[in-house]
Amino acid sequence: MKLKATKGACSLCGKEYTRASMGKHLASCLMNKIDATSAEDTSCFHLLVTTRFPSGYWLHLQADARATLKTLDGFLRKVWLECCGHMSCYFVGEQTIGMSRRLESILESGMEIN
């Protein structure tokens with residue numbers, strides 16, 4: 001059974017897009033929202049968060065590269081995941097990633113973390 005494409009609203013402009021088209025939209029929408037007078041140059045990652053198994057749940061995030069995995073985990077728990085107080089554990093392949101690691105030391109383009 002094929003899942004119906006779900007839509008989400010861009011928090012920058014309010015327009016709705018499917019998971020497949022949101023990433024492309026965000027690339028252009030973010031460029032329109034950048035403050036040209038901003039003196040701070042912060043490195044960020046565009047993350048696509050999904051469920052482990054096929055579902056209609058997804059979330060696009062912009063995350064500060066200096067943030068720790070623990071900070072990201074806390075955000076995800078508040079927005080989406082927390083239900084029973086279980087501990088989180090993240091993996092790349094078979095290797096566990098420490099929660100104190102900064103995203104900039106973990107992530108690479110196209111990488112998948114479980």
Side-chain angles (χ1 to χ4, degrees):
M1 182 170 90
K2 186 176 178 180
L3 292 173
K4 181 182 175 186
T6 57
K7 291 186 176 183
C10 173
S11 63
L12 299 172
C13 70
K15 294 180 183 175
E16 288 191 349
Y17 295 91
T18 63
R19 177 180 126 177
S21 60
M22 183 64 81
K24 186 175 182 178
H25 163 74
L26 286 172
S28 64
C29 194
L30 281 169
M31 291 306 292
N32 293 334
K33 299 291 181 182
I34 290 176
D35 180 7
T37 62
S38 176
E40 187 176 347
D41 183 22
T42 304
S43 294
C44 299
F45 288 106
H46 172 193
L47 307 177
L48 172 58
V49 181
T50 63
T51 57
R52 187 170 186 183
F53 302 102
S55 77
Y57 296 104
W58 52 271
L59 184 64
H60 283 267
L61 304 173
Q62 180 177 332
D64 187 319
R66 298 169 297 186
T68 63
L69 194 53
K70 183 176 181 176
T71 302
L72 176 60
D73 183 67
F75 176 80
L76 290 172
R77 284 173 174 267
K78 287 178 187 173
V79 171
W80 186 10
L81 304 170
E82 181 55 34
C83 65
C84 55
H86 65 277
M87 292 180 62
S88 297
C89 189
Y90 295 89
F91 298 90
V92 173
E94 300 287 321
Q95 185 176 3
T96 303
I97 304 170
M99 296 293 276
S100 64
R101 300 267 311 269
R102 293 191 184 277
L103 297 180
E104 64 192 354
S105 72
I106 303 167
L107 299 179
E108 297 174 10
S109 182
M111 177 181 248
E112 184 173 310
I113 296 177
N114 296 308

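Note that this is a predicted model, so its numbers are computed, not measured. Residue numbers run from 1 in the order of the sequence given.
The OG1 atom of Thr71 sits 11.0 Å away from atom CG of Leu76, with the distance rounded to the nearest 0.5 Å. Here CG of Leu59 is found 11.5 Å from OG1 of Thr51. Values are rounded to the nearest 0.5 Å. Here the CG-OH distance, from Asp73 to Tyr90, works out to 3.5 Å after rounding to the nearest 0.5 Å. In this structure, the separation between OG on Ser43 and CD on Glu104 is 7.5 Å, given to the nearest 0.5 Å. Atoms OG1 and NZ, from Thr18 and Lys24 in turn, are 11.5 Å apart once rounded to the nearest 0.5 Å. The distance from the CZ atom of Arg101 to the CG atom of Leu107 is 9.5 Å, given to the nearest 0.5 Å.
When every heavy atom of Lys7 is checked against every heavy atom of Trp58, the shortest pair comes out as C-CZ2, 3.8 Å. Smallest separation of non-hydrogen atoms from Gly56 and Thr6: O-OG1, 2.7 Å. Smallest separation of non-hydrogen atoms from Cys89 and Thr96: SG-CG2, 3.7 Å. The two residues Ser100 and Thr68 come nearest to each other via the heavy atoms O-CG2, 3.6 Å.
The hydrophobic clustering, which links ILVMFWY residues whose side-chain heavy atoms are closer than 4.5 Å, places Phe91 and Val49 apart. No single ILVMFWY cluster, assembled from side-chain heavy atoms under 4.5 Å apart, contains both Leu30 and Tyr17. Note: the hydrophobic cluster containing Leu61 does not contain Leu26 (ILVMFWY, side chain heavy atoms under 4.5 Å, direct or indirect links).
Residues forming a side-chain hydrogen bond (donor to acceptor under 3.5 Å, both in side chains) with Thr50 (at least two apart in sequence, or on another chain): none.
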*List the steps, then state whether side-chain contact (heavy atoms from CB on, under 4.5 Å) holds for Ile113 with Ile106.*
CA-CA 10 Å; Ile113 296 177; Ile106 303 167; 4.0 Å; yes
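Classification of the His60-His46 ring pair by plane angle, with boundaries at 30° and 60°, yields tilted.
Taking the side chain as every heavy atom from C-beta outward, Asp64 and Leu103 never approach each other to under 4.5 Å. With a 4.5 Å cut-off on side-chain heavy atoms, Cys29 and Lys15 do not count as touching. With a 4.5 Å cut-off on side-chain heavy atoms, Met22 and Leu48 do not count as touching.
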